[in-house]
2 protein chains.
Amino acid sequence: MGYHHGNLRDALLDRAEQVLATDGVDGLSLRALARDLGVSHGAPARHFRDKQALLDALALAGFRRLEEALAACPGNWSDRLRGIARTYLDFAAANPALLAVMYDVKHHPEASDALRAEAERGLGQVVDAVRDGQRAGGVVDGDPGELATALFAAVHGVVQLALGNLLEPDETDRALVTVLTISLRGLSPSPGPARPAG
Amino acid sequence: MGYHHGNLRDALLDRAEQVLATDGVDGLSLRALARDLGVSHGAPARHFRDKQALLDALALAGFRRLEEALAACPGNWSDRLRGIARTYLDFAAANPALLAVMYDVKHHPEASDALRAEAERGLGQVVDAVRDGQRAGGVVDGDPGELATALFAAVHGVVQLALGNLLEPDETDRALVTVLTISLRGLSPSPGPARPAG
DNA sequence: ACTCCAATGTAGGCATCGACAACTTAGGTA
DNA sequence: TACCTAAGTTGTCGATGCCTACATTGGAGT
């Protein structure tokens, strides 16, 4: 532990994620991170040319962790779809500020590509489940990517409303269930009788 | 035009919305606004105690305009639901940065309440249409608020993905149509045969 | 084992910003 | 007409992001 830190980059990311969780993205400053790590205010620039570059790295790591969690959802296609939705919502609730950073608009172009690619892989989980659903006769014909995108978007909407504090926790849970119920029924080739919500 | 501007508050909001549209929320600074309006850097504080207070006012105005646009959607319940979705997406595409401010998490508590109330009124448009749909026999029984929230969330998800540049423009349009198709089919008491997407 | 260089960290400085405080102006009202 | 308060001004402070010039050091290549 002398002049050179040894692993500043990872240390910065770790600390940044802590700060993000406690103080939100506005509480995040490169200089404060440097202070926290006992390093000069110019050091972070050696690893992230920008503050945005750090946020991009944070976002990328977030997508990877999310995707990992989604991939761990077990069961048949229907279970997996519901599990993915639930897992996504839980992840968002546990890391609200991170999610905001992940979906932020102002990434650097290169990072933006990487982020899109990573998000695409996450969507892949949904596509696979939808395809399985089609094979099992539980999902209508049609481009699986198209259907999966729509399904993911619907869940994403609930998550975003929850993050924006526009839904109370209990409202959020009900909304997720309702969205899933409606969507899966809408996707079914032969929907059964409706079970009223509420 | 002397010492007192006369209508600084409105002027600030107007200019702020311009800057928001051109430079995004990061390009927005109270001092720059003051400069643009030929006023000292301390003047804005007389009308907005905070930068956040200005953003809150911007967000509130945005919700009002959005709601106004949504209320103007004509037709029967089905037309209105589709029109509302389209209008929402168009509004978002035309004012991406504004929408981000509207759904930002870090509002002042008082403003937050006002914003929630305004958003609630916007949702009211959807609730009304859903209720009409139920009366017309096109929507299943159940709490209209619950169903409307789910429907709005689904559309909101598409909008948010579009704003995050995770959907190309043409993908966005298709996703909106698919979400609506799936959701309205899922809401129907007796869904007809599926029409494959794509 | 020695040299050197590129990666990494330091130090200082600059422009900008948001917020605050003290002061000034003027428009409306008692 | 006097004044009082809303609105605007000026100055300042601390913090931040970013840039440039400089220092250190570990390790690659001989």
Side-chain angles (χ1 to χ4, degrees), chain A residues 1-20 22-59 97 100-101 104-112, chain B residues 1-20 22-59 97 100-101 104-112:
Chain A
M1 283 280 306
Y3 194 91
H4 287 98
H5 179 285
N7 199 5
L8 223 200
R9 198 191 134 96
D10 289 348
L12 283 168
L13 287 174
D14 283 355
R15 180 64 189 145
E17 196 160 327
Q18 290 177 16
V19 175
L20 196 60
T22 60
D23 300 347
V25 62
D26 285 335
L28 205 57
S29 97
L30 293 175
R31 291 174 103 106
L33 287 179
R35 279 194 298 271
D36 290 351
L37 299 180
V39 110
S40 81
H41 68 264
R46 297 294 164 185
H47 301 277
F48 304 99
R49 75 164 193 269
D50 248 356
K51 181 178 187 179
Q52 187 56 52
L54 194 167
L55 293 178
D56 291 350
L58 238 34
V101 170
D104 206 347
V105 202
K106 46 188 182 187
H107 304 285
H108 286 140
E110 333 83 75
S112 224
Chain B
M1 283 282 307
Y3 194 89
H4 288 95
H5 179 284
N7 200 4
L8 223 200
R9 199 191 132 94
D10 289 348
L12 283 169
L13 287 175
D14 282 355
R15 179 66 188 144
E17 196 161 324
Q18 289 177 16
V19 175
L20 196 59
T22 59
D23 300 346
V25 63
D26 286 334
L28 204 58
S29 99
L30 293 175
R31 290 175 105 106
L33 288 180
R35 281 195 296 272
D36 291 351
L37 299 180
V39 113
S40 81
H41 69 262
R46 296 294 162 185
H47 301 277
F48 304 98
R49 75 165 192 270
D50 249 355
K51 183 179 185 177
Q52 187 56 53
L54 195 169
L55 293 177
D56 291 350
L58 237 34
V101 170
D104 206 348
V105 202
K106 46 186 183 191
H107 304 286
H108 286 138
E110 333 82 77
S112 224

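Predicted model only: the values in this text are computed from it and were never measured. To find a chain, count down the sequence lines: A is the first, B the second, and so on, and within it residues start at 1.
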Checking A:Leu28 against A:Asp23 for the side-chain contact (heavy atoms from CB on, under 4.5 Å) test, could you report, in this order, the C-alpha distance in whole Å, the side-chain angles of both residues, the deciding distance, and whether it holds?
CA-CA 7 Å; A:Leu28 205 57; A:Asp23 300 347; over 6 Å; no
With a 4.5 Å limit on heavy-atom distance, are the side chains of B:Phe48 and B:Leu58 in contact?
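No, too far: nothing below the 4.5 Å cut-off.
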Could you walk me through whether A:Lys51 and A:Leu54 pass the side-chain contact (heavy atoms from CB on, under 4.5 Å) check?
CA-CA 5 Å; A:Lys51 181 178 187 179; A:Leu54 194 167; 5.6 Å; no
Nucleotide range of DNA chain D lying under 4.0 Å from chain A heavy atoms
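Extent of the interface on DNA chain D: D:dT16 to D:dT25.
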Sort and list the pairs that fulfil side-chain hydrogen bond (donor to acceptor under 3.5 Å, both in side chains) and have at least one residue in residues 6-15 of chain A, not counting sequence neighbours.
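Sorted pair list: A:Asn7-A:Asp10, A:Arg15-A:Gln18, A:Arg15-A:Asp36.
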If you take any heavy atom closer than 4.0 Å to DNA chain D, which residues from residues 30-38 of chain B end up in contact?
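The stretch gives B:Arg31 as the residues lying under 4.0 Å from the strand, ordered by number.
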Can you give me the closest heavy-atom contact between B:Gly27 and B:Val19, atom names plus distance?
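Taking B:Gly27 first and B:Val19 second, the nearest heavy atoms are O-CG1, 3.5 Å.
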Sorted by number, the residues of residues 40-54 of chain A with heavy-atom contact under 4.0 Å to DNA chain C
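Under 4.0 Å from DNA chain C: A:Ser40, A:His41, A:Gly42, A:Ala43, A:Arg46, A:His47.
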Does the side-chain contact (heavy atoms from CB on, under 4.5 Å) test come out yes or no for B:Asp104 and B:Val25, once each step is laid out?
CA-CA 11 Å; B:Asp104 206 348; B:Val25 63; over 6 Å; no
Go through B:Lys106 and A:Asp26 one step at a time and tell me if the side-chain contact (heavy atoms from CB on, under 4.5 Å) criterion holds.
CA-CA 9 Å; B:Lys106 46 186 183 191; A:Asp26 285 335; 2.9 Å; yes
For A:Asp50, give me all partners under side-chain hydrogen bond (donor to acceptor under 3.5 Å, both in side chains), at least two apart in sequence or on another chain.
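Only A:His108 meet the side-chain hydrogen bond (donor to acceptor under 3.5 Å, both in side chains) criterion with A:Asp50.
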Can you give me the first and the last nucleotide of DNA chain C (5' to 3') that has an atom within less than 4.0 angstrom of a non-hydrogen atom in chain B?
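Going 5' to 3' along DNA chain C, contacts run C:dC17 to C:dA26.
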